[in-house]
Amino acid sequence: MKYISTRGNDKAYSASAAIIRGLADDGGLFVPDSIPALDHTLEEYAEMDYAMTAYEIMKLYLTDFTEEELKACIERAYDDKFDVPEKVKLAEADGAYFLELYHGPTIAFKDMALSILPHLLTVAAAKNNVKNEIVILTATSGDTGKAALAGFADVPGTKIIVFYPKDGVSPIQKKQMVTQKGSNTYVVGVDGNFDDCQTGVKKLFSDPELAAWADSCGMQFSSANSINIGRLVPQIVYYVYAYSRLVRNGAVKAGDPVNFTVPTGNFGNILAGYYASLMGIPVNRLICASNENKVLFDFFADGVYDRNRDFILTSSPSMDILISSNLERLIYDICGSDGIKCAALMRALSEGGKYEIDDEMKRGLSKFTGGYCTEEETGQTIKRIFESDGYLIDTHTAVAAGVYSKYAERTKDKTPSVIVSTASPYKFTKSVLSALDASLISDDDFGMADSLSELSSVPVPDAVSSIRDAKVLHSLVCEAPEMESVVKDLLAGK
Ligand SMILES: *Cc1c(COP(=O)(O)O)cnc(C)c1O
């Protein structure tokens with residue numbers, strides 16, 4: 001299998017080369033030249049555990065990795081860093097199944113991909129005779145940063161620099177990042193929002209002079225953002241796994257369709273669900289859930305993507321995004337893999353902040369339904385599900401659960417539904433607690449974690465208790481235009 005650019009103006013690369021490059025030279029995203037079909041029956045996947053499922057799916061995409069290499073990456077990634085032996089759990093509440101993807105080291109779903117990416121990347125580097133040290137540059141809206149830092153810390157041959165919006169992440173997310181250990185890790189707060197960080201990092205990647213400078217220092221840049229194909233492929237696995245657990249539990253018969261509702265920001269998670277459906281997982285609806293930054297809801301409603309609007313800080317900060325980078329891969333698919341057409345739309349987006357798709361492309365969106373929740377609805381959903389079912393969810397998952405329950409009520413669709421649960425409630429303790437009992441809010445995040453635990457009887461996860469007294473190791477802050485000079489200084493050891 002080869003990987004080609006969504007903008008049609010770059011060569012075709014092997015999977016390993018695409019993982020190293022991150023982004024195509026023409027600014028596009030790498031996509032597989034065709035989507036492979038599942039090569040087992042749905043009943044067969046129901047017999048596999050998470051690691052076996054991961055191998056069987058990833059081997060179809062990462063075709064230049066040997067069986068031994070891929071299995072070694074999977075074994076190193078999905079080990080006892082996860083706090084449940086099955087890695088991913090499926091819980092039943094509120095008439096749906098919650099796919100808990102937050103049992104990894106940083107208690108958010110990004111661990112599913114970021115615990116394996118460093119291993120894929122180091123194998124890929126060896127395969128491609130890369131002698132340079134690999135420097136990961138990452139923009140984060142909160143969860144990617146810590147998950148990437150945890151994945152790359154002290155991995156030989158790599159360094160990682162994470163940029164986060166200095167006032168745009170939760171206190172616990174910030175504490176997780178600024179206490180990160182590892183001599184190859186750097187964390188920088190940016191005076192701006194997530195889009196400023198992401199745009200800044202994209203600029204760094206497309207700057208040939210900076211690349212030449214890095215090369216002269218024996219380094220090269222790569223990305224851990226969800227635009228990297230090495231992030232996307234591992235995410236397809238849990239859609240297959242979720243479906244196969246439902247088959248195994250007898251909740252669906254093999255072949256019966258299910259719905260997935262996905263709390264969406266950069267569109268990486270739900271895109272993996274779309275790829276899983278193209279591979280043969282029976283999917284009825286892919287429900288794209290947004291918070292008040294509802295660019296995607298509007299896009300699915302009228303085919304116009306328009307980022308020209310106010311950026312709203314919500315209680316689900318990992319979804320506070322106005323430019324959903326991975327949507328480009330869907331756009332490429334629905335315009336018939338026409339790189340020129342896709343590039344023109346992306347140019348309109350970067351120049352005017354807006355594009356509109358034609359009717360033929362709109363037909364390609366038929367599996368998707370958009371929905372959004374206001375801040376009030378999000379809080380009410382947390383409270384409602386906790387009070388009715390004793391099941392505690394975080395704000396991001398609550399956006400999805402709220403969108404799903406509105407959808408089910410409106411459409412009377414009875415298809416078994418999976419809600420993709422992307423973070424532990426302990427990652428967003430203050431917002432969760434304020435939804436349940438505002439009198440317990442304080443300035444002490446760890447005290448609030450204790451209160452939440454008392455109230456809910458859900459134990460505080462290790463990932464939170466272990467940073468309680470950890471030392472702050474990273475305190476650098478910069479303006480967005482200074483990102484380049486910060487990278488140079490850090491890498492030059494200044
Ligand atoms: C990143 C993130 C999301 C959004 O996922 P995308 O792949 O960017 O759409 C949702 N919830 C949480 C908790 C996240 O960390």
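Sequence positions, counted from 1, serve as the residue numbers for this chain. For clarity, every value in this text was computed on a predicted model and none was experimentally measured.
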Sequence neighbours left out, what passes side-chain hydrogen bond (donor to acceptor under 3.5 Å, both in side chains) with Asp49? Give chain and number order.
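If we apply the side-chain hydrogen bond (donor to acceptor under 3.5 Å, both in side chains) test to Asp49, skipping adjacent residues, there are no hits.
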Residues which pass side-chain hydrogen bond (donor to acceptor under 3.5 Å, both in side chains) with Asp79, listed by chain and number, not counting sequence neighbours:
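side-chain hydrogen bond (donor to acceptor under 3.5 Å, both in side chains) list for Asp79, sorted by chain: Lys81.
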Strictly distance-based, threshold 3.5 Å: is any side-chain N or O of [X] a donor or acceptor partner for the main-chain N or O of [Y]?
{"X": "Glu375", "Y": "Ser315", "value": "yes"}
{"X": "Asn184", "Y": "Thr158", "value": "yes"}
{"X": "His396", "Y": "Ala423", "value": "no"}
{"X": "Asp302", "Y": "Val304", "value": "yes"}
{"X": "Asn291", "Y": "Ser316", "value": "yes"}
{"X": "Asn293", "Y": "Ile321", "value": "no"}
{"X": "Lys146", "Y": "Gln176", "value": "yes"}
{"X": "Asn228", "Y": "Gly230", "value": "yes"}
{"X": "Tyr239", "Y": "Asn269", "value": "yes"}
{"X": "Tyr45", "Y": "Val247", "value": "no"}

Heavy-atom distance under 4.5 Å between the side chains of [X] and [Y], does that happen here?
{"X": "Tyr164", "Y": "Val187", "result": "yes"}
{"X": "Asp94", "Y": "Tyr391", "result": "no"}
{"X": "Leu436", "Y": "Leu452", "result": "yes"}
{"X": "Val262", "Y": "Tyr274", "result": "no"}
{"X": "Asp469", "Y": "Phe446", "result": "no"}
{"X": "Ile172", "Y": "Ile467", "result": "yes"}
{"X": "Thr397", "Y": "Ile419", "result": "yes"}
{"X": "Leu121", "Y": "Ser222", "result": "yes"}

For residues [X] and [Y], report the shortest heavy-atom separation together with the two atoms involved.
{"X": "Val458", "Y": "Ser453", "answer": "O-OG, 3.0 Å"}
{"X": "Ala18", "Y": "Ile229", "answer": "CB-CG2, 4.1 Å"}
{"X": "Ile227", "Y": "Ser325", "answer": "CG2-CB, 3.7 Å"}
{"X": "Thr264", "Y": "Met319", "answer": "N-CE, 3.4 Å"}
{"X": "Ala242", "Y": "Leu90", "answer": "O-CD2, 4.2 Å"}
{"X": "Glu69", "Y": "Val123", "answer": "CD-CG1, 3.8 Å"}

Does anything in residues 402-424 form a salt bridge (Lys or Arg N to Asp or Glu O under 4.0 Å)? List the pairs, not counting sequence neighbours.
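Every pair satisfying salt bridge (Lys or Arg N to Asp or Glu O under 4.0 Å) with a residue in residues 402-424: Glu377-Lys406.
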Neighbour count above 12 (heavy atom, 6.0 Å) for Asp437 CG
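Above 12, so yes.
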Within the supplied structure, the quantity of interest is the number of heavy atoms (other residues, nucleotides, ligands) at a distance under 6.0 Å from Glu479 CD; does it exceed 12?
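Yes, CD of Glu479 has more than 12 neighbouring heavy atoms, counting only those of other groups under 6.0 Å.
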Leu114/Thr106 under side-chain contact (heavy atoms from CB on, under 4.5 Å): CA gap, chis, key distance, verdict
CA-CA 10 Å; Leu114 281 166; Thr106 75; over 6 Å; no
Euclidean distance, [Y] [atom2] relative to [X] [atom1], rounded to 0.5 Å:
{"X": "Ser417", "Y": "Leu99", "atom1": "OG", "atom2": "CG", "answer": "13.0 Å"}
{"X": "Gln173", "Y": "Lys427", "atom1": "CD", "atom2": "NZ", "answer": "5.5 Å"}
{"X": "Leu29", "Y": "Glu328", "atom1": "CG", "atom2": "CD", "answer": "5.0 Å"}
{"X": "Ile134", "Y": "Lys159", "atom1": "CD1", "atom2": "NZ", "answer": "12.0 Å"}
{"X": "Leu120", "Y": "Arg76", "atom1": "CG", "atom2": "CZ", "answer": "10.0 Å"}
{"X": "Leu433", "Y": "Ile382", "atom1": "CG", "atom2": "CD1", "answer": "10.0 Å"}

May I ask you to establish whether Lys294 and Tyr372 are in a cation-pi arrangement, using a distance under 6.0 Å from NZ or CZ to the six-membered ring centre and at most 45° from the ring axis?
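Yes, a cation-pi geometry.
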Steps toward side-chain contact (heavy atoms from CB on, under 4.5 Å) verdict (Arg468, Lys175)
CA-CA 9 Å; Arg468 210 176 265 252; Lys175 184 90 191 252; over 6 Å; no
Pick one: which of Phe82, Tyr241, Tyr238 meets ring-ring contact (aromatic ring centres under 6.0 Å, His included) with Tyr50?
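Among Phe82, Tyr241, Tyr238, the one meeting ring-ring contact (aromatic ring centres under 6.0 Å, His included) with Tyr50 is Tyr241.
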Step-by-step side-chain contact (heavy atoms from CB on, under 4.5 Å) determination, Leu330 to Phe368
CA-CA 11 Å; Leu330 177 63; Phe368 289 89; 3.9 Å; yes
Salt bridge Lys166-Asp196, side-chain N to carboxylate O under 4.0 Å
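Between Asp196 and Lys166 there is no salt bridge, as every charged N stays at least 4.0 Å from the carboxylate O atoms.
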Please name the residue in the list Asn259, Thr261, Thr369, Thr411 that meets the side-chain hydrogen bond (donor to acceptor under 3.5 Å, both in side chains) test with Arg285.
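Exactly one option meets the side-chain hydrogen bond (donor to acceptor under 3.5 Å, both in side chains) with Arg285, and it is Thr369.
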Would you call the rings of Phe221 and Phe205 parallel, tilted or perpendicular if under 30° counts as parallel and over 60° as perpendicular?
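Judged by the thresholds at 30° and 60°, the geometry between Phe221 and Phe205 is perpendicular.
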Criterion side-chain contact (heavy atoms from CB on, under 4.5 Å) on Ser324 and Leu296, from CA distance to verdict
CA-CA 8 Å; Ser324 301; Leu296 287 165; 3.6 Å; yes
